[in-house]
Amino acid sequence: MITKGWELCPESPLSSHTGAGGACWTHRQLEGAMSAAQCPCEGCFCCADPGQVSPPFRWSERSPLLPLPYTAALLISRLFAMRVAVLLLGLALLEAEGRCFFNRTQEYCVCYKLSQDNAGSIIQCLAASVVEFQGGDLERYVDFPIRDLDPSTIDMLGTLEIRKIIFGDLLVPEVLLARVLRFFSYTRVQEMAFESCSFLGRSSWDEMAGQNLPILSLHFHNVTSAPLTGREQDFSKLSSWLGTLQELSVTSSHVTSLPCGIGRVFRALRSLDMAQNSLGDGSLMPAFCEGAFPQLQVLSLQENNLTSYHGVCQSVQLLHELQHLDLSQNKLVDSPSSSCQWPASLRIFNLSNAGLDKVLTPLPPGLEVLDLSSNHLHAVDVSLRSLKTLLLSQNLLLAAPSIRNYPTLHSLHLDNNLITEWPWDEVKLLGNLQDVSAAGNPYNCTCAGAGALQALAATGCLRQGWPQDYTCHSPPQYQGTLVRDVPASVLQCNRAAVLAPVCTALALLCVAGAGWLAMARRRRAAVPTAAQPQGLHGQELGEKARRSPMCS
């Protein structure tokens, strides 16, 4: 291992020879990190890449003085970096050869199968914000001596920019993890993930008692470990840290139960993801007992072994802050007499791909987002006054649900159903939405089908998939044609809308004509009668005039 003696090389510069990411160190400081063959000489070495020391720029007191672009404090920090690297290596000392690769653009460093012989390459990871260790078996290092840190190293750990550490494909003795984890209390690491790892044995976790870690997000995916049942005492020793954790995910890890006492440790947890496990109906009630997860807002139980809709409702009733619940990919069935009330705080409910052939009730009354996609629904007849987003894609719907049941709706997805036509009165209401998606339906491109969809598209609310994913299924002459390209004039597709104003105009014209004729008659009747003609001939003409209809 790297020995003590972290003195700065006398007047050692970090100049253009090293670049922004370079470092200088002595041969003594390289011991254990590099082989003697790589660093055969005494003196001070500077490298542009801290993970490489051959061929280095060798500096000595006889070398010309170079400009110093860094302060003395930063130079010293660079030298301490190698000692910090050993701590990061504590969970990554592996048997096979490997090294680390740093992507400066993404600030991401990944290390494959590190060993004591090539540990020097880990130094470049100290400038990363994410560090990933991949591959190996740490069981041989269970007795690895890990000493307490001196104040200078603790200060150095606090200056690192690493925010996330990922351990992948590792065999990790739990005893070793317990001893190393406490050192993260001196860092600014906020997120830690274990992927495809196996935790061996059990640890008492005594060394973690009272330790506060900055880690707020903890992830386990495809891991194996000792069962959680009976480990409440172990978790209580981690309560100082776990009580501040905000995000926890344990996915694809064959979890069958979550004891009540463990849930009570997570006092500040906001998000819990237990997707793709083996949780059954009977395991939920103890998991969410009184006092467990009091601040939980987001809960994912996706793809477990849940079947009872009523049972899940009863299990989460004590989660008074719950806002988002994911029950997708469970095979849920309704209860004949279910009167359970969901938490009033629930706003987002995911019931997609849950094997539903009808909408289960009751639903949370304050829902804003409801996902019922990928089920077997033939109709949706529920009323939710606060709903803003309704997702119904990939069902068996023959018609869209009435928009009148959702007065605050903004988004409606109906892709890949069996909808053939859209009624004109529904089209008018849909035009008020911000986002409508109904691609992949077998549209009947008659006036009612093509014309209504074209009118809906004209409002601008048909976004995703229009026009390329809207095709005609019938009649035969339009099969396979884009709905957009079907000729559908307003006169053909909605004659009532055109004839009504025409008839109204004709009626008004008739009324106006009749009125004008009546006025003309009255004016003529008001004209004074001409002097009567003399003689018998004049009298006869006068009598005829009086008998004429124009004068009546």
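Please read these numbers as outputs of a predicted model, since none were measured by experiment.
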message = Centroid separation under 6.0 Å, is that true for the rings of W342 and Y309?
response =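 Y309 vs W342: aromatic centres under 6.0 Å.
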Does the [X] side chain pair with the main chain of [Y], one donor and one acceptor, at a distance under 3.5 Å?
X	Y	result
N330	L301	yes
S129	E107	yes
S185	R182	yes
R264	G261	no
N417	N395	yes
N350	S352	yes
S257	P259	no
N416	S393	no

For [X] and [Y], work out which heavy atoms get closest and say how close.
X	Y	value
V255	M274	CG1-CE, 3.8 Å
L414	N441	O-ND2, 3.1 Å
S236	S239	O-OG, 2.7 Å
H376	L396	O-CD1, 4.1 Å
N375	L372	ND2-O, 3.0 Å
L367	L370	CD1-CD1, 4.0 Å

message = Tell me which one of D169, V110, I122 satisfies side-chain contact (heavy atoms from CB on, under 4.5 Å) with F133.
response = I122
ask   = Out of L377, L351, L392, which one pairs with V359 under the side-chain contact (heavy atoms from CB on, under 4.5 Å) rule?
value =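 Per the side-chain contact (heavy atoms from CB on, under 4.5 Å) rule, the option paired with V359 is L377, out of L377, L351, L392.
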How long is the span from the [atom1] atom in [X] to the [atom2] atom in [Y], to the nearest 0.5 Å?
X	Y	atom1	atom2	value
E195	S252	CD	OG	11.0 Å
D326	E303	CG	CD	10.5 Å
I162	C125	CD1	SG	7.0 Å
L238	L181	CG	CG	7.5 Å
S315	H310	OG	NE2	9.5 Å
Q302	T251	CD	OG1	10.0 Å

inquiry  = How about CD on Q464, more than 12 heavy atoms from neighbouring residues, nucleotides or ligands closer than 6.0 Å, or not?
reply    =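 No, the 6.0 Å shell around CD holds no more than 12 heavy atoms from other groups.
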ask   = What do you reckon, is CD of Q468 surrounded by more than 12 foreign heavy atoms closer than 6.0 Å?
value =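 It does: Q468 CD has more than 12 such atoms within range.
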[Y] and [X] side chains, donor-acceptor separation under 3.5 Å:
X	Y	result
S198	T224	yes
S196	N222	yes
D281	T307	yes
D150	T153	yes
S411	D435	yes
S249	D273	no
S278	H254	no

request  = Applying side chain to side chain contact (heavy atoms under 4.5 Å, CB included), name anything that partners A287, two or more places apart in sequence or on another chain.
outcome  =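 In terms of side chain to side chain contact (heavy atoms under 4.5 Å, CB included), with neighbours along the sequence ignored, A287 is linked to L258.
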Taking only distance into account, with no hydrogens and no angle test, what donor-acceptor pairs under 3.5 Å do side-chain atoms of residues 209-218 form with protein atoms, sequence neighbours excluded?
{"from": "S217", "atom 1": "OG", "to": "H219", "atom 2": "NE2", "distance (Å)": "2.7"}
{"from": "S217", "atom 1": "OG", "to": "E247", "atom 2": "OE1", "distance (Å)": "3.2"}

query = Where does the angle between the aromatic ring planes of F293 and F288 fall among parallel (under 30°), tilted (30 to 60°) and perpendicular (over 60°)?
reply = tilted
query = Relative to each other, are the rings of Y470 and W466 parallel, tilted or perpendicular (30° and 60° limits)?
reply = perpendicular
query = On the ring face of F102, is R104 found with NZ or CZ under 6.0 Å from the centre and within 45° of the axis?
reply = no
inquiry  = Any carboxylate oxygen within less than 4.0 angstrom of a Lys/Arg side-chain nitrogen, looking at R231 and E174?
reply    =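 Counted as a salt bridge, because a side-chain N and a carboxylate O are separated by less than 4.0 Å.
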inquiry  = I need the full list of disulfide bond (SG atoms under 2.5 Å apart) pairs touching residues 173-207, with sequence neighbours left out, sorted by first then second residue.
reply    =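 Qualifying pairs, neighbours excluded: none.
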key: Pairs satisfying disulfide bond (SG atoms under 2.5 Å apart), at least one member in residues 205-304, at least two apart   =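 Passing the test, one end in residues 205-304: C260-C289.
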query = Could you walk me through whether K237 and D206 pass the side-chain contact (heavy atoms from CB on, under 4.5 Å) check?
reply = CA-CA 7 Å; K237 296 175 183 177; D206 289 334; 2.5 Å; yes
inquiry  = Holding to salt bridge (charged side-chain N to carboxylate O under 4.0 Å, His left out), I want the full list of residues that pass it with E161, two or more places apart in sequence or in another chain.
reply    =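 Here the qualifying residues are R163, R188.
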ask   = Which residues satisfy the side chain to side chain donor-acceptor pair (under 3.5 Å) test with Y108, sequence neighbours excluded?
value = E132
task = Apply the test side-chain contact (heavy atoms from CB on, under 4.5 Å) to residues L332 and L356: give CA-CA distance (whole Å), side-chain angles for both, the deciding distance (0.1 Å), then the verdict.
result = CA-CA 7 Å; L332 299 175; L356 305 180; 4.3 Å; yes
key: V130 and I166: CA distance, side-chain angles, deciding distance, side-chain contact (heavy atoms from CB on, under 4.5 Å) verdict   = CA-CA 8 Å; V130 180; I166 303 171; 4.2 Å; yes
ask   = How far apart are the C-alpha atoms of D415 and S437, what are their side-chain angles, what is the distance that settles it, and do they pass the side chain to side chain donor-acceptor pair (under 3.5 Å) test?
value = CA-CA 6 Å; D415 304 284; S437 179; 2.7 Å; yes
query = C109 and C100: sulfurs closer than 2.5 Å?
reply =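 The sulfur gammas are not closer than 2.5 Å, so no.
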